[in-house]
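Below: one structure, written as structure tokens.
Heavy-atom basis, side chains included; hydrogens, waters and symmetry copies ignored. None of the values given here were measured: they were computed from a predicted structure.
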Amino acid sequence: MLAIDHLVIVSKNPEKDAQQFVEQHHAIAIEGGKHEKWGTYNFLAHFQNDSYIEWLGIFDEELARKSNLPLVRNAVDFLDQGRTGLLTFALRTSNLDAQLTYFKENQIPYSGPYPGMRKKIDGSTLSWKMLFPENAENLPFLIEWGATENKPDDAAKINPRNLNEITIPTDPFKYEDVFQLKVRDDTIQLENGRLLFTNEEQFNFNLCE
């Protein structure tokens, strides 16, 4: 089963926006690190149900604009439009190859998989792969992590709450077709939370104890 992995919030100043979240929600956020290849960096708030919020910013605009990664291209476009905030989210899988095979067999347009890597503040390296469905509004991307888990080294930096619900302004049945997920009463139950589908104009999310 797929799981909520993380939200991507595009920011002109990730540290400032993460700190604002910390103050509003009495939460904990940490510096993530740099994606040297893409010209981006992040701050993170981790939650106990193995999910997190990412505030994504750009430290090298030239690199970011040259990137072929859909997430970075979309983040650049978002900022060019004068927008910031919740851009998209990722669903975690432990078998990206199976998802890729399904996309191919069912003629679902996609791009990737793209390898990802960043150095954490402690000097260790995180690696992952991403797969992006194409030509479908408001669909998340898929992510599979490498051997190292994306968690803080200090468990005290994990917020004692769950990022357990994402509200999405789109047709839920796209998710059945693309991700093989079942919709019941405009809701999809995932491994660690749920997706709710509404007529609202933008994404939203909820935290619970």
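- The salt bridge (charged side-chain N to carboxylate O under 4.0 Å, His left out) check on Arg73 picks up nothing, with sequence neighbours excluded.
- At a threshold of 4.0 Å, the pair Asp17-Lys12 does not count as salt-bridged, since none of the basic side-chain nitrogens sits closer than that to a carboxylate oxygen.
- In terms of the ring pair (Phe, Tyr, Trp, His ring centres under 6.0 Å) criterion, residue partners of Phe179 (sequence neighbours excluded) are, by chain and number, Tyr175.
- For the atom pair Glu23 CD and His25 NE2, the distance stands at 11.0 Å (nearest 0.5 Å).
- For Glu62, the CD atom is loosely surrounded, since the number of other residues' heavy atoms within 6.0 Å does not exceed 12.
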N/O donor to acceptor pairs below 3.5 angstrom from side-chain atoms of residues 37-46, sequence neighbours left out:
residue: Thr40; atom: OG1; partner: His35; partner atom: ND1; Å: 2.7
residue: Asn42; atom: OD1; partner: Gly33; partner atom: N; Å: 3.2
residue: Asn42; atom: ND2; partner: Glu54; partner atom: OE2; Å: 2.8

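- By the 4.5 Å heavy-atom criterion applied to side chains, Leu142 and Leu2 are counted as neighbours.
- Looking at heavy atoms from C-beta onward, Ile188 lies in side-chain contact with Phe197 at the 4.5 angstrom threshold.
- Side chain of Asn159 to backbone of Ile28: a donor-acceptor contact under 3.5 angstrom is found.
- Checked against ring pair (Phe, Tyr, Trp, His ring centres under 6.0 Å), Phe78 has no partners two or more places apart in sequence or in another chain.
- In this structure, Lys34 does not pair ionically with Asp60, as no charged nitrogen and carboxylate oxygen lie closer than 4.0 Å.
- Among residue pairs with one or both ends in residues 139-162, those qualifying as ring pair (Phe, Tyr, Trp, His ring centres under 6.0 Å) are His6-Phe141, Trp128-Trp145, Phe132-Phe141; sequence neighbours excluded.
- By the rule that hydrophobic residues join a cluster once side-chain heavy atoms approach within less than 4.5 Å of another member, Leu207 and Val22 end up as members of separate clusters.
- When all heavy atoms of Ile4 and Gly193 are compared, the pair lying nearest together is CD1-CA, 4.1 Å.
- Closest approach of Val183 and Phe173 over heavy atoms only: CB-CE2, 4.1 Å.
- Each of Leu56 and Phe47 belongs to its own hydrophobic cluster when Ile, Leu, Val, Met, Phe, Trp and Tyr are linked at side-chain heavy-atom distances under 4.5 angstrom.
- Once rounded to the nearest 0.5 Å, the distance linking OG1 of Thr198 with CG of Asn204 reads 8.5 Å.
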Start with the C-alpha gap between Val76 and Glu61, add the side-chain angles, then the distance that decides, and say whether side-chain contact (heavy atoms from CB on, under 4.5 Å) holds.
CA-CA 8 Å; Val76 169; Glu61 186 173 341; over 6 Å; no

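- Counting only heavy atoms from C-beta outward, the side chains of Asn13 and Gln20 never approach each other to under 4.5 Å.
- Residues Asn162 and Ser51 fail the side-chain proximity criterion, which asks for heavy atoms closer than 4.5 Å.
- A pairwise comparison of heavy atoms in Pro140 and Leu91 identifies CG-CD1, 3.7 Å as the closest pair.
- Annotation: the span from Met117 atom CE to Lys129 atom NZ amounts to 16.0 Å, rounded to 0.5 Å.
- Atoms CG and OG, from Leu86 and Ser11 in turn, are 12.5 Å apart once rounded to the nearest 0.5 Å.
- Note that CD1 of Ile53 and CZ of Phe205 are 4.0 Å apart. Values are rounded to the nearest 0.5 Å.
- The two residues Pro152 and Lys157 make their nearest non-hydrogen contact at CB-CB, 4.0 Å.
- If you take CG on Leu131 and OG1 on Thr93, they are separated by 9.5 Å, rounding to the nearest 0.5 Å.
- Val8 and Ile166 fall into different hydrophobic clusters, where Ile, Leu, Val, Met, Phe, Trp and Tyr are joined by side-chain heavy atoms under 4.5 Å apart, directly or via other members.
- Listed by first then second residue, pairs satisfying side-chain hydrogen bond (donor to acceptor under 3.5 Å, both in side chains) with a partner in residues 176-197 read Glu165-Arg194, not counting sequence neighbours.
- Linking Ile, Leu, Val, Met, Phe, Trp and Tyr residues whenever their side-chain heavy atoms come within less than 4.5 Å places Phe21 and Leu7 in a single cluster.
- Proximity of Val72 to Leu63: side-chain heavy atoms (C-beta onward) are nowhere separated by under 4.5 Å.
- Looking only at side-chain heavy atoms (C-beta outward), Val178 and Leu139 come within less than 4.5 Å of each other.
- Looking only at side-chain heavy atoms (C-beta outward), Tyr114 and Leu71 stay at 4.5 Å or farther from each other.
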Check against side-chain contact (heavy atoms from CB on, under 4.5 Å), Gln99 and Asn95
CA-CA 7 Å; Gln99 296 286 341; Asn95 193 343; over 6 Å; no

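- At least one side-chain heavy atom of Phe89 sits under 4.5 Å from a side-chain heavy atom of Ile168.
- Put simply, Leu69 and Tyr110 are part of two different groups of oily side chains (I, L, V, M, F, W, Y) that touch within less than 4.5 Å, one to the next.
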Between Asp50 and Lys151, does a salt bridge (charged side-chain N to carboxylate O under 4.0 Å, His left out) hold up when you go through it step by step?
CA-CA 8 Å; Asp50 291 333; Lys151 292 183 178 181; 3.2 Å; yes

